[in-house]
Amino acid sequence: MGFFVFLPLVLPLTALPIARLTEQHLHPRGAARLLTGFSIVMALCSAVSLGLIGVVGTAQLPGNPLPDSWSDPEVRDALPYHETVGTAALLVLAVVLLAVGRTLVRHLRIRARARRALGRALPAASDVALLPDPAPYAYALPGSPRSPGRVVVSTGMLDGLAEDERAALLAHERAHLTHRHHRHLLATQLAGCVNPFLRPLQRAVAYSAERWADEESAQAVGDRRVTARAVARAALASHTAPAAYAAFPAFAAPGPVPRRVAALLGPVPTARNWPPARTPAGLAALVAALGTAASALSALNAAVALLLILKAVTPL
């Protein structure tokens with residue numbers, strides 16, 4: 001194990017450059033998928049690393065589940081050992097699991113509450129739920145095995161948009177539902193709970209998901225300027241929203257709206273899922289990929305080493 005068990009905790013730093021460069025050289029679809037993949041793998045490796053450090057560091061404390069032979073001098077020499085570090089790792093892992101659980105429960109609770117509210121107010125005759133509310137908002141409510149996803153939009157939002165802009169808004173939210181962008185957002189949010197170094201990727205994925213839906217909307221309405229105008233007007237109009245608004249992909253979500261508008265007024269992004277090799281983004285993607293691979297190999301190496309040593313010292 002040695003030094004390698006600590007690497008997954010810091011290797012997410014290798015993904016920070018690509019989180020800032022993907023929008024310049026990748027289609028938003030490719031950026032969202034790539035960054036989500038990096039986040040999931042690195043978060044899992046970080047959790048495994050914390051668990052291994054905790055197990056090794058607390059092996060000689062009373063009440064640990066490891067065999068008595070774990071205390072043999074030969075075993076202690078083969079593995080890093082520090083009670084303080086091990087105890088701290090277990091405490092951090094407990095906090096991580098609590099944060100992940102709270103985030104997941106909160107997300108599922110908001111989804112269930114929103115679906116119940118819509119079910120009481122509006123029948124599921126359409127994929128669009130129009131709420132008579134003067135507050136301007138629009139968001140994509142994910143579905144469940146028993147009910148399909150729906151676009152939730154207020155009359156206050158539609159009143160501030162022209163007819164073609166309304167079509168762009170609905171196409172944008174339908175793209176969120178079709179491509180299940182909420183899964184990307186939830187996965188990266190949970191990854192950020194595991195390792196704070198992954199939170200920039202969470203923000204980058206949220207932006208890429210909105211840009212992805214923007215491009216789908218522009219293609220659906222056939223006019224990028226209409227979508228850009230709709231994004232700008234919706235952002236200017238949006239001030240308040242229901243509690244569910246912050247949990248799901250939303251047309252006028254807070255964030256870099258000027259960058260979204262500028263991107264829509266520019267050329268259509270190239271449909272590549274990996275940046276060109278001889279560019280800063282290509283180098284950043286390679287560094288992130290190597291960091292992800294090194295993180296996975298480090299966690300795997302440490303886990304295998306621990307299992308082999310446990311097997312060797314456990315009496316038959």
Side-chain angles (χ1 to χ4, degrees), residues 32 35-37 39-40 42-44 46-47 50 91-157 169-170 172-196 198-210 212-213 234 238-255:
L35 296 180
T36 301
S39 297
I40 292 173
M42 288 187 171
L44 290 175
S46 295
L50 285 173
L91 291 176
V92 171
L93 184 59
V95 172
V96 163
L97 293 177
L98 179 62
V100 167
R102 290 183 62 183
T103 300
L104 185 59
V105 169
R106 177 178 178 274
H107 179 84
L108 296 176
R109 184 180 298 165
I110 290 176
R111 283 178 57 175
R113 187 185 304 151
R115 283 198 298 267
R116 287 196 301 269
L118 289 181
R120 289 193 297 265
L122 298 169
S126 170
D127 66 336
V128 179
L130 180 60
L131 301 182
D133 190 345
Y137 56 84
Y139 59 90
L141 178 62
S144 68
R146 292 182 297 178
S147 65
R150 304 185 72 182
V151 175
V152 181
V153 59
S154 68
T155 54
M157 174 63 80
L169 180 150
L170 295 178
H172 176 104
E173 299 302 338
R174 287 184 175 121
H176 281 316
L177 294 176
T178 299
H179 300 291
R180 303 182 184 276
H181 290 167
H182 64 281
R183 294 185 176 180
H184 293 272
L185 302 185
L186 180 59
T188 53
Q189 188 177 4
L190 295 177
C193 292
V194 175
N195 193 321
L198 293 171
R199 289 177 184 172
L201 273 69
Q202 173 188 342
R203 294 189 290 270
V205 168
Y207 173 76
S208 296
E210 292 302 328
W212 183 355
S238 297
H239 300 293
T240 59
Y245 177 86
F248 308 124
F251 188 65

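- Minimum interatomic distance between Ala209 and His176 (heavy atoms only, all atoms of both residues): O-CE1, 3.5 Å.
- Looking only at side-chain heavy atoms (C-beta outward), Leu35 and His184 stay at 4.5 Å or farther from each other.
- Closest of all the heavy-atom pairs between Arg115 and Pro142 is NH1-O, 3.6 Å.
- In this structure, CG on Leu108 lies 11.0 Å from OG1 on Thr103, to the nearest 0.5 angstrom.
- Contact of the Val95 side chain with the Leu91 side chain is not registered, since no non-hydrogen atoms from C-beta on lie closer than 4.5 Å.
- Inter-residue side-chain proximity for Val205 and Thr36 is flagged as met; some heavy-atom pair is nearer than 4.5 Å.
- A donor-acceptor pair shorter than 3.5 Å can be found between the side chains of His172 and Glu210.
- Atom OG1 of residue Thr155 and atom CG of residue Asp133 lie 6.5 Å apart, to the nearest 0.5 angstrom.
- A pairwise comparison of heavy atoms in Ala175 and His181 identifies O-CE1, 4.0 Å as the closest pair.
- Note that the CD1 atom of Ile40 and the CG atom of Leu198 stand 11.0 Å from one another [nearest 0.5 Å].
- Remark: the backbone N or O of Tyr137 is paired with a side-chain donor or acceptor of Ser154 at under 3.5 angstrom.
- The two residues Glu173 and Ala140 come nearest to each other via the heavy atoms OE1-N, 3.2 Å.
- For the pair Met42/Asn195, no side-chain contact is recorded, criterion being any heavy-atom separation below 4.5 Å from C-beta on.
- Between atom CG of residue Leu104 and atom CG of residue Leu186 there is a gap of 6.0 Å, rounded to the nearest 0.5 Å.
- Considering only residues two or more places apart in sequence or on other chains, Arg199 meets the salt bridge (charged side-chain N to carboxylate O under 4.0 Å, His left out) condition with none of them.
- Nearest heavy-atom pair, Leu141 versus Ala114, reported as atom, atom and distance to 0.1 Å: CD1-CB, 3.7 Å.
- With a 4.5 Å cut-off on side-chain heavy atoms, Val194 and Leu44 do not count as touching.
- Atom OG of Ser39 and atom CD of Gln189 lie 12.0 Å apart (nearest 0.5 Å).
- Summarising the geometry of Pro200 relative to Pro196, their closest heavy-atom pair is CD-O, 4.0 Å, with the distance given to 0.1 Å.
- A side chain to side chain contact (heavy atoms under 4.5 Å, CB included) with Val105 holds for exactly one of His107, Arg109, Arg102; it is Arg109.
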